[in-house]
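Notes to accompany the following structure.
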2 protein chains.
Amino acid sequence: MSRTAKPPEQRSTAPSRDIIGRGPSLADTLALRLKDEIVSGRLRPGEKLATEQQISETYGVSRPTVREAIGRLKHDGLVITRQGAGAFVADPGAVSVFRLDIADFSNREEIRNIVELLMAVEATATEHAAVRRTKGELKAIEAQLRAMQAAVDRGETGVDEDVAFHRSIVEATGNPFFRDLSDFLDRRVRNFIRTARSNTARIGGMAQAVQAEHQAIFDAIVRKDAAAARAAAENHLRNAASRLALYLER
Amino acid sequence: MSRTAKPPEQRSTAPSRDIIGRGPSLADTLALRLKDEIVSGRLRPGEKLATEQQISETYGVSRPTVREAIGRLKHDGLVITRQGAGAFVADPGAVSVFRLDIADFSNREEIRNIVELLMAVEATATEHAAVRRTKGELKAIEAQLRAMQAAVDRGETGVDEDVAFHRSIVEATGNPFFRDLSDFLDRRVRNFIRTARSNTARIGGMAQAVQAEHQAIFDAIVRKDAAAARAAAENHLRNAASRLALYLER
DNA sequence: ATAACCAAGTTGCCTGACAAGTAGGAAATT
DNA sequence: AATTTCCTACTTGTCAGGCAACTTGGTTAT
């Protein structure tokens, strides 16, 4: 049988010989320029952008390319267009889209900042989950905890089960914003670890330590003890950050 | 007049655009469709998307429109394109862009969720700011506190000064993610209040209460007392949420 | 068997055109 | 003279077709 999908040789954050992806497209750079015009304040809210024709001439690109660039700003809520009238800078207070862009994940400080945000979100999420979880959600959390234990017992790293455990908790907050943001940050950080160092480095007591911390979180959730849940989550995240630092050291 | 109409029969190649429906724009709706294919898991990471030509025929839109839609997915990090090869679904772990989309801000529950996230982010930010603030940043925070007091004394609502006060705090965390996210949520919520009800409703003791809570936060930051700073911020945010609920009640 | 090469396929970008909608001024009416 | 109606230029939304740059897999030459 023939394979239709080829491995996309995806460039992750690991700095290969090539810079990230290709060189940015024309629309990419143009979008950045226009965005700069807005955030810098040279174009004020409500003000009308130049017409596509004018921008096209100014920057020496075709109209479709200009449209692509403006389309992104529109997608990000920075401008609104009205057919026949033009494109206008949106009111900052009415912008309903927030973009969290981790541009440079090899930057040490950026990692620190991301982890810090992750800790804040997940600690609070765990606190809320402890109070709000339904019986069904509690069962789901327990199942993930058991699955993690089973993986550890088999001598595996249990990274996937670890992710699933945390995900089942943030799910129990009932707040999709917590869930999605936590999910994103978690995946991002873990993916970094995965590429930075082999997961096998985790075996050797670490998995057991992680599991013990998980158990503490779970116990607090069972008791619906918000304060204890937060404390346990903070402790776990602090330790996780230390383990991450271990990976980074060498 | 060169604008004479032509027989509409030439559209025959397009197989009824009803497939997509008439949303905001063809590219908009198409982008949503394709995004759904990815997040739902029908298209797995690494898998190749249909060619622009095929998508164009499937959905009955032109290739430029398809390009615009794919361009957005690319912008959001969901797909990666390689000239000559095709477009591929990105590895979720490698996605470096997070979109927080407040679709329906009139939904009561969505407001609650957003405020909850705001509280989590800003309470932690205040805690960090208390420990890390430089002398210069402390001066800036104090200046905003004074400006707010002056506004209140003049009988104004001091909403703008209020925003500036919080902004100077999250700035002192030294973490741009906290700053930007807090800034966005704050603006969004306040803008909602602004439109939901006249700001003058705030006058009448409320401003003084707000100011007292601000003072408590500031005092804790002066002492570099992280726990007290968090407690004061949580108290302030809880009260602010109550005041917001007051607006919403009627 | 291995390496060089070629042709089909795909994305990136362009030009040109028309449809749909907007806004301001000219023309008609009161 | 003031008001309403209508027309026209302008702008965005969409389409069609085409060429260049690049990838891929099979074919040919060594």
Side-chain angles (χ1 to χ4, degrees), chain A residues 1-11 18 21-31 34 46-75 79-90, chain B residues 1-31 34 46-75 79-90:
Chain A
M1 59 181 87
S2 62
R3 296 189 153 238
T4 49
K6 323 131 185 101
E9 61 101 6
Q10 184 161 313
R11 257 175 277 285
D18 223 67
R22 307 254 102 53
S25 67
L26 288 180
D28 271 325
T29 43
L30 179 55
L34 294 177
E47 211 168 338
K48 185 176 171 302
L49 271 69
T51 68
E52 295 177 353
Q53 186 67 36
Q54 289 170 332
I55 297 177
S56 164
E57 289 164 4
T58 302
Y59 291 94
V61 295
S62 70
R63 218 192 112 201
T65 302
V66 174
R67 282 189 59 73
E68 198 177 331
I70 290 182
R72 287 188 198 170
L73 301 186
K74 193 167 48 168
H75 184 52
V79 309
I80 52 179
T81 59
R82 275 166 44 220
Q83 184 171 350
F88 304 85
V89 179
Chain B
M1 252 169 263
S2 60
R3 207 152 270 229
T4 45
K6 285 194 169 183
E9 171 268 325
Q10 72 184 61
R11 270 281 162 72
S12 58
T13 47
S16 105
R17 60 180 65 181
D18 291 1
I19 299 176
I20 294 184
R22 43 184 61 187
S25 92
L26 289 180
D28 268 326
T29 37
L30 178 56
L34 295 177
E47 213 168 338
K48 185 176 171 303
L49 270 70
T51 68
E52 295 177 353
Q53 185 67 37
Q54 289 170 332
I55 297 177
S56 164
E57 289 163 4
T58 302
Y59 291 95
V61 296
S62 71
R63 219 192 111 203
T65 302
V66 175
R67 282 188 60 73
E68 198 177 330
I70 291 183
R72 285 187 200 170
L73 301 185
K74 194 166 47 168
H75 183 53
V79 308
I80 297 176
T81 60
R82 277 167 42 224
Q83 184 173 350
F88 303 85
V89 179

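Any value given below was found using the heavy atoms of this structure, including those in side chains, with hydrogens, waters and symmetry copies removed. A note on names: the letters A, B, ... follow the listed sequences, proteins ahead of strands, and every chain is numbered from 1.
For the pair Phe88(B) CZ and dG9(C) P, the computed distance is 17 Å after rounding to whole Å. Remark: P of dG24(C) and NZ of Lys48(A) are 11 Å apart, rounded to the nearest angstrom. As a whole-Å value, the separation of Leu30(B) CG from dG13(D) P is 16 Å. Atom pair Ile80(B):CD1 and dT11(C):P shows a separation of 15 Å (rounding to whole Å applied). Atom CD of Glu57(A) is separated from atom P of dT11(D) by 11 Å (rounded to the nearest Å). The interatomic distance linking Tyr59(B) (OH) with dT14(D) (P) rounds to 17 Å, in whole Å. As rounded to whole Å, 6 Å separates atom P of dT10(C) from atom CD of Gln54(B).
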Interface polar pairs with nucleotides 4-6 of chain C, N/O, under 3.5 angstrom:
none

Show me the protein contacts with nucleotides 12-16 of chain C, counting only N or O atoms at under 3.5 Å.
{"unit_1": "dG12(C)", "atom_1": "OP1", "unit_2": "Thr81(B)", "atom_2": "OG1", "d": "3.0"}
{"unit_1": "dG12(C)", "atom_1": "OP2", "unit_2": "Arg67(B)", "atom_2": "NH1", "d": "2.9"}
{"unit_1": "dG12(C)", "atom_1": "OP2", "unit_2": "Arg67(B)", "atom_2": "NH2", "d": "3.4"}
{"unit_1": "dG12(C)", "atom_1": "N7", "unit_2": "Arg63(B)", "atom_2": "NH2", "d": "3.0"}
{"unit_1": "dC13(C)", "atom_1": "OP1", "unit_2": "Leu26(A)", "atom_2": "N", "d": "3.1"}
{"unit_1": "dC13(C)", "atom_1": "N4", "unit_2": "Arg63(B)", "atom_2": "NH2", "d": "3.4"}
{"unit_1": "dC14(C)", "atom_1": "OP2", "unit_2": "Ser62(A)", "atom_2": "N", "d": "3.4"}
{"unit_1": "dC14(C)", "atom_1": "OP2", "unit_2": "Ser62(A)", "atom_2": "OG", "d": "2.6"}
{"unit_1": "dC14(C)", "atom_1": "OP2", "unit_2": "Thr65(A)", "atom_2": "OG1", "d": "2.4"}
{"unit_1": "dC14(C)", "atom_1": "O5'", "unit_2": "Ser62(A)", "atom_2": "OG", "d": "3.4"}

task: Dump the intermediate steps for side-chain contact (heavy atoms from CB on, under 4.5 Å) on Phe88(B) and Glu47(B), then the final yes or no.
output: CA-CA 6 Å; Phe88(B) 303 85; Glu47(B) 213 168 338; over 6 Å; no
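Residues Arg72(B) and Asp28(B) are paired through a salt bridge, judged by an N-O separation under 4.0 Å between the basic side chain and the carboxylate.
We find the CG-OG1 distance between Leu30(B) and Thr58(B) to be 10.0 Å, quoted to the nearest 0.5 Å. Atoms OH and OG1, on Tyr59(B) and Thr29(B) in that order, are 10.5 Å from each other to the nearest 0.5 Å. Between atom NZ of residue Lys74(B) and atom CZ of residue Arg67(B) there is a gap of 6.5 Å, rounded to the nearest 0.5 Å.
The only member of Ile70(A), Thr81(A), Thr65(A) that meets side-chain contact (heavy atoms from CB on, under 4.5 Å) when paired with Glu52(A) is Ile70(A).
With hydrogens and angles ignored, the 3.5 Å screen pairs a side-chain donor or acceptor of Gln54(B) with a backbone N or O of Thr51(B).
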